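Naming convention: chains lettered A, B, ... in sequence-line order (proteins, then strands); numbering from 1 in each chain. If you're wondering where the values come from, they're calculated on a predicted model, not measured in any experiment.
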Amino acid sequence: MTETRVRIAPSPTGPLHIGTARTALFNYLFARRTGGTFILRLEDTDVARSTVAFEEDILTGLHWLGIQWDEGPDSAGGEDRGPYGPYRQMQRRERYDEAARDLLARDLAYPCYCTAEELEADRKAHEAAHEPPRYVGRCANLTAETRAAKEASGLRGALRFRVPPGVVAFDDLVRGHVEIDAFNLGGDFVIVRSDGTPLYHFVVVVDDAAMDISHVIRGEDHLSNTPKHILLFRALGHDVPAFAHLPLILNPDRTKMSKRKSQTAISDYLAQGFIREALVNYLALLGWSTGTEEEILSLDELSARFDLEHVQKGGAVFDRERLEWLNGQWIRKLEPDDLIERLEPFLQRELDAGRIDRLPDPEELRGLLPIVQERLPRLDAVGDLVGFLWVDDLRPDPALLVPKRWDAATTRDGLATARETIAATVGAVTFEADELEPPLRALAEARGWKVGDLFMAIRVAVTGRTATPPLFDTLVALGRDRTLARLDRAIELLTDVPG
RNA sequence: GCCCCCAUCGUCUAGAGGCCCAGGACGCCACCCUUUCAAGGUGGAGAUCACCGGUUCGAAUCCGGUUGGGGGCACCA
């Protein structure tokens, strides 16, 4: 039995795309499940658009997700690892050149001297005739003399692959039997540019052949290109790998997910406080299911269960709400130290943005976890949730300060008596939630106030917000002195408000 | 335009002839819990399984067609 070898071949012409990440994940999972090898290969033949920065983004993004490859470049500009290297296409030029020479020598490909203008005219003619665009074959049968003359005059031809007539059929692992008439491929297609650089359809095949790829798992957008690839594999005298075309990830309007209509960069999700566990879990479930009702699955669990049989055929709309829900699920599962560590960059960002005045130390953060962890849909929500703990000068909005059923005078009264109650009944050393609550409840009862109103006034006074973690835990987190100071400040603010 | 693929609640999906007048999850709505917000719990609304015709004793599941949607048709990847 031959070894399973799969690959992801991202092109560093943009940041790591959610679709690329999903394809990478499925390939990774398939490799893990089958005990095979997962390869990363950089498709950097589009020199004009490829950059190291994008390469960096893609590699670190995949690393961040926990998707490790067995062969390929470890880091941007880094060393390759694996016996089939190099894994950057720009370093594999000789192989493409050799394959091209081979096809040319066997007349499976031929030089084409058509100008851009000629091709454009052909295209327009087809359009006018309501026919699909196709290469007319002007250079398909040039005599050796004609070619020599063209070359002598300084012309350098592009290399076109001779598309043989006939139906190309294959059994897609997710879609089943697919047949496409080679006639509909648009005629002989260019595999090497006139400047000598190879084109995508050619390099993928040369590389997949050279790297002994056994299964090509990729997006459905390549389904129509598959016959070209199969033809090329055959021409190169190589076994054709198995194909599995994954359903596309869609925008809400059901078109192929795009930057224009959706957030597609993995780094943006990272920046918004999505955690890798949730993203991996979510992506795995976009187009695949366990076949059961389980849905919270770690990368390892997914690796143990993934199969191509349960891959969906229809496209899947990216549902951010569901991702957020999963994110919350996974955040709640994190170990304290882990969560603290992951929260740090987001707190730093709050500080940098001037939304807080100091950074809590890990121990302070740890004490907060019980009231914070289950309230965090994303890591970047930490500032909104408890940022008030680290601001020096809190100025609550007077309008928020006064509960709906109260007026300013009542609120002043409520806050003042609450302040006295807290100051009088609770000592500085034993400032605990359990001790704070009873006397304040008693106060509300004695004055005929709804506890909710009193508590809300206090809440806004000390946090500036109407939605916070439980009040008494919050007061404890704040500490006695700051609690009293903030109550004083709020009372002060209220003196200017009429009523 | 041509070729290919697809089609179950708004969304992600279970379902591989009878277990389904279709199950779960997200979202939504109630209620419970409750000092707010979450989380959690309970319940609810939500799909004539796109449509039509076949096959079959029986179809969401098989076949054909229709409609709709998507993707591909570059000297981009």
To the nearest Å, how far apart are A:E43 CD and B:C76 P?
14 Å
Do A:S194 and B:C75 share a donor-acceptor pair, side chain to base, under 3.5 Å?
yes
Go through the N and O atoms of the side chain of A:T255 and the base of B:G70, and report whether any donor-acceptor pair is under 3.5 Å.
no
Side chains of A:S11 and A:E55, heavy atoms from C-beta outward: is any pair under 4.5 Å?
no
Measure CZ/A:R218 against P/B:C5 and give the value in whole Å, please.
15 Å
Nearest to the side chain of A:R193 - B:C37, B:C6, B:A77?
B:A77
When rounded to whole Å, the CG to P distance for the pair A:L223 and B:G70 reads 17 Å
The side chain of A:S224 is closest to which nucleotide in this list: B:A39, B:U35, B:G72?
B:G72
Compare side-chain N and O positions of A:R123 against OP1 and OP2 of B:C2 and report whether any pair is under 4.0 Å apart.
no
Go through the side-chain N and O atoms of A:E301 and A:S298 and say whether any donor and acceptor fall under 3.5 Å apart.
yes
Interatomic distance at P, B:U11 relative to B:C51, whole Å:
15 Å
Between B:C19 and B:U13, how far apart are the P atoms? Round to whole Å, please.
24 Å
For B:U35, the nucleotide meeting Watson-Crick or G-U wobble distances (both under 3.5 Å) is none
Mind checking the C1' distance from B:U66 to B:C6? Whole angstroms is fine.
15 Å
Report yes if at least one side-chain N or O of A:K313 is closer than 4.0 Å to OP1 or OP2 of B:G70; otherwise report no.
no
Which of B:A39, B:A14, B:U11 is nearest the side chain of A:S289? It is B:A14
So, is A:Q312 close to the B:G15 phosphate, meaning a side-chain N or O under 4.0 Å from OP1 or OP2?
no
Taking only the P atom of each, what is the distance from B:C5 to B:C9 in whole angstrom?
22 Å
Taking A:I331's backbone N and O only, do any of them form a donor-acceptor pair with A:Q373's side chain (distance below 3.5 Å, no angle check)?
yes
Of the nucleotides B:U36, B:G72, B:G70, which one has an atom closest to the side chain of A:D221?
B:G72
Quick one: label A:T292 by what it contacts on the DNA or RNA (base, sugar-phosphate, nothing), any heavy atom closer than 4.0 Å.
nothing
Return the pairing partner of B:A25 with a 3.5 Å limit on both distances, Watson-Crick or G-U wobble; otherwise return none.
B:U11
State, with a plain yes or no, whether a side-chain heavy atom of A:H126 is found less than 4.5 Å away from one of A:V136.
yes
Are any of A:T290's side-chain N or O atoms less than 4.0 Å away from OP1 or OP2 of B:A14?
no
Interatomic distance where CG belongs to A:D208 and C1' belongs to B:A77 [whole Å]
14 Å
Cationic tip of A:R342 within the cone over A:F346's six-membered ring, i.e. under 6.0 Å and within 45° of the normal?
no
N/O donor-acceptor pair, side chain A:H201 with base B:A77, under 3.5 angstrom:
yes
C1'-based separation of B:C33 from B:G41 [nearest Å]:
8 Å
Side-chain contact check for A:P133: nearest option of B:A74, B:C12, B:C75 is B:A74
Pairwise C1' distance, B:U8 and B:A59 [rounded to whole Å]
14 Å
Provide, to the nearest angstrom, the distance between the CG atom belonging to A:L199 and the P atom belonging to B:C76.
5 Å
Just how far, in rounded Å, is C1' of B:U35 from CD of A:E437?
7 Å
A:D46 side chain, from C-beta outward: closest of B:G72, B:A77, B:G24:
B:A77
Measuring centre to centre across the rings, with the benzene-like ring taken for any Trp, is A:F455 within less than 6.0 Å of A:F472?
yes
Using the P atom as the reference point in each nucleotide, state the distance between B:C21 and B:C63 in Å, no decimals.
23 Å
So among A:K228, A:H222, A:R7, which one has a side-chain contact (heavy atoms from CB on, under 4.5 Å) with A:V204?
A:R7
Donor-acceptor contact present, side-chain A:D253 to main-chain A:T255, <3.5 Å
yes
Length of the line joining A:R49:CZ and B:A74:C1', which is rounded to integer Å:
12 Å
Once hydrogens and angles are ignored, does a donor-acceptor distance under 3.5 Å link the base of B:A25 to the side chain of A:R322?
yes
Tell me the interatomic distance from A:R305, atom CZ, to B:A14, atom P, rounded to whole angstroms.
13 Å
Check this one for me: any side-chain N or O of A:R160 less than 4.0 Å away from OP1 or OP2 of B:C75?
yes
State the pairing partner of B:A50; accept Watson-Crick or G-U wobble contacts with both distances under 3.5 Å, and report none otherwise.
B:U66
What nucleotide, of B:C4, B:C2, B:U36, holds the atom closest to the side chain of A:V178?
B:C4
Opposite nucleotide pairing with B:C2, Watson-Crick or G-U, both atom distances under 3.5 Å
B:G72
What contact category does A:G287 fall into here, base, sugar-phosphate, or nothing, at under 4.0 angstrom with non-hydrogen atoms?
sugar-phosphate
C1' atom, B:A50 versus B:A60: distance in rounded Å?
12 Å
Given side chains that start at C-beta, do those of A:L119 and A:Y135 come closer than 4.5 Å, heavy atoms only?
yes
Side chain of A:Q329: nearest nucleotide among B:A77, B:G40, B:C12?
B:G40
From the candidates B:U35, B:C3, B:C73, the one with an atom nearest any side-chain atom of A:N225 is B:C73
Is the phosphate of B:G15, meaning OP1 or OP2, less than 4.0 Å from a side-chain N or O of A:H310?
yes
Taking OP1 and OP2 of B:C37, is either one under 4.0 Å from a side-chain nitrogen or oxygen of A:T468?
no
Would the base of B:C37 count as contacting A:R375 through its side chain, where contact means a donor and an acceptor less than 3.5 Å apart?
yes
Are OP1 or OP2 of B:A7 and a side-chain N or O of A:R254 less than 4.0 angstrom apart?
no
Which of these nucleotides, B:C75, B:C26, B:G1, is closest to any side-chain atom of A:P132?
B:G1
